[in-house]
Amino acid sequence: MNQVWGSLCVALLGCSGPLEGESLEEWGTEEVRVAARAPKKVMPLGDSITQGAAGHASYRCPLWRKLNSRGYRADFVGTLTKGYLGANTCTSALFDRDHDGHWSWRTDQVLANISAWAASTRPDLVLIHLGTNDTYHLQTEDSTVSELGQIIDRLRVVNPRVKVFLAQIIPTSSALASLKLQSLNQRMPLLAEAKSTEDSPVYVVDQWTGFTPSTDTYDGVHPNLIGEEKMAERWYQAIREHL
């Protein structure tokens, strides 16, 4: 029985089961409970910065690598599996490609679809990086902030205990756009405070600070390998305690 449990646990759950000759009782009920716990569903939600183009990994790849190499279990969910115009490149074994990053989409477009996406995937954690395209399409800050709040509301209809991680989004090489993005980012903590509840907290994740478009993107907007790694580390530090 012990050997069967250990084999199943390692094969299916990636945990270390009881050692040979060790009883399940000796291993401890808490260890068994943790090992058997289902992974949390994590939805990467956003635009092209979340999706990534064909030939690029997106932040999702190094985030997946960090989580798995450090013993955290997560099930990425979403209605898409590919990058823009083709597959993302990721060398991590068993990379979970599910996401809801939609190339060139504004926040209002995501809002119009989030109820259906959430109903089909039922995420426990949602990583939101939205607002870049709003700025480029001259959407007002008020409308973007309102739409982000509505996205949170619609996620809660599906899962009243969903945890939301709201990014202060990365800058771009356009000085004018970055000024607008910085102004939008300054409103994220107030939005998070207004929307956060005990059952469904909203956390702000600072993706802005320390991100340099000239070295961290390949086109002034979309992260290169360095930028993807920076974004992944910020997400990792924010969500690891909630998995």
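- A salt bridge links Lys195 with Asp153: the closest approach of a Lys/Arg side-chain nitrogen to an acidic carboxylate oxygen falls below 4.0 angstrom.
- Using a cut-off of 4.0 Å between Lys/Arg side-chain N and Asp/Glu carboxylate O, Lys230 and Asp216 are scored as salt-bridged.
- Taking a 6.0 Å sphere around CG of Leu179, one finds it holds more than 12 heavy atoms contributed by other residues, nucleotides or ligands.
- Looking only at atom types and distance, the side chain of Tyr136 has a donor-acceptor partner in the side chain of Thr172 under 3.5 Å away.
- Between Asp142 and Arg187 there is a salt bridge, since at least one side-chain N of the basic residue sits less than 4.0 Å from a carboxylate O of the acidic one.
- When side chains are defined from C-beta on, Leu80 does not count as touching Asp98, because their heavy atoms never get closer than 4.5 Å.
- Note on Trp103: it does not cluster hydrophobically with Ile151, by side-chain heavy-atom contacts below 4.5 Å among ILVMFWY residues.
- Between Trp117 and the options Leu155, Val110, Val158, a side chain to side chain contact (heavy atoms under 4.5 Å, CB included) holds for only Val110.
- Using a 4.0 Å cut-off between charged nitrogen and carboxylate oxygen, Arg154 and Glu147 do not count as a salt-bridge pair.
- Salt-bridge annotation for Asp199 and Arg161: present, with a side-chain N of the basic residue lying under 4.0 Å from a carboxylate O of the acidic one.
- Note on ring orientation: taking the six-membered ring where Trp is involved, the planes of Tyr236 and Tyr72 are perpendicular (angle over 60°, cut-offs 30° and 60°).
- Side-chain contact between Leu138 and Lys180: present, with at least one pair of heavy atoms (C-beta onward) separated by less than 4.5 Å.
- Looking only at side-chain heavy atoms (C-beta outward), His102 and Gln109 stay at 4.5 Å or farther from each other.
- A side-chain donor from one of Thr107 and Asp134 sits under 3.5 Å from a side-chain acceptor of the other.
- The shortest side-chain heavy-atom distance between Tyr84 and Ser48 does not fall under the 4.5 Å cut-off.
- When only modelled atom types and interatomic distance are considered, Gln182 and Ser178 share no side-chain donor-acceptor pair under 3.5 Å.
- Contact of the Asp100 side chain with the Val126 side chain is not registered, since no non-hydrogen atoms from C-beta on lie closer than 4.5 Å.
- A donor and an acceptor atom, one from each side chain of Thr89 and His56, are nowhere located under 3.5 Å apart.
- A donor and an acceptor atom, one from each side chain of Glu228 and Ser58, are nowhere located under 3.5 Å apart.
- For Trp105 and His137, the distance between ring centers is not under 6.0 angstrom.
- No hydrogens or angles considered: nothing links the side chains of Gln237 and Arg234 as a donor-acceptor pair under 3.5 Å.
- Using modelled atom types, one finds no donor on one side chain facing an acceptor on the other under 3.5 Å when comparing Arg97 with Asn88.
- In this structure, the side chains of Val77 and Val42 stay at 4.5 Å or more apart for every pair of heavy atoms.
- Counted by atom type alone, Thr140 and Ser143 present one or more donor-acceptor pairs between their side chains at under 3.5 Å.
- When ring centroids are compared, Tyr59 and His129 stay outside the 6.0 Å threshold.
- Of all heavy-atom pairs spanning Val162 and Leu125, the tightest one is CG2-N, 4.5 Å.
- Ring centers of Phe165 and Trp235: at least 6.0 Å apart, outside the cut-off.
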Starting from the C-alpha separation in whole Å, work towards a yes-or-no answer on side chain to side chain contact (heavy atoms under 4.5 Å, CB included) for His242 and Lys40. CA-CA 9 Å; His242 303 277; Lys40 294 290 180 65; 5.9 Å; no
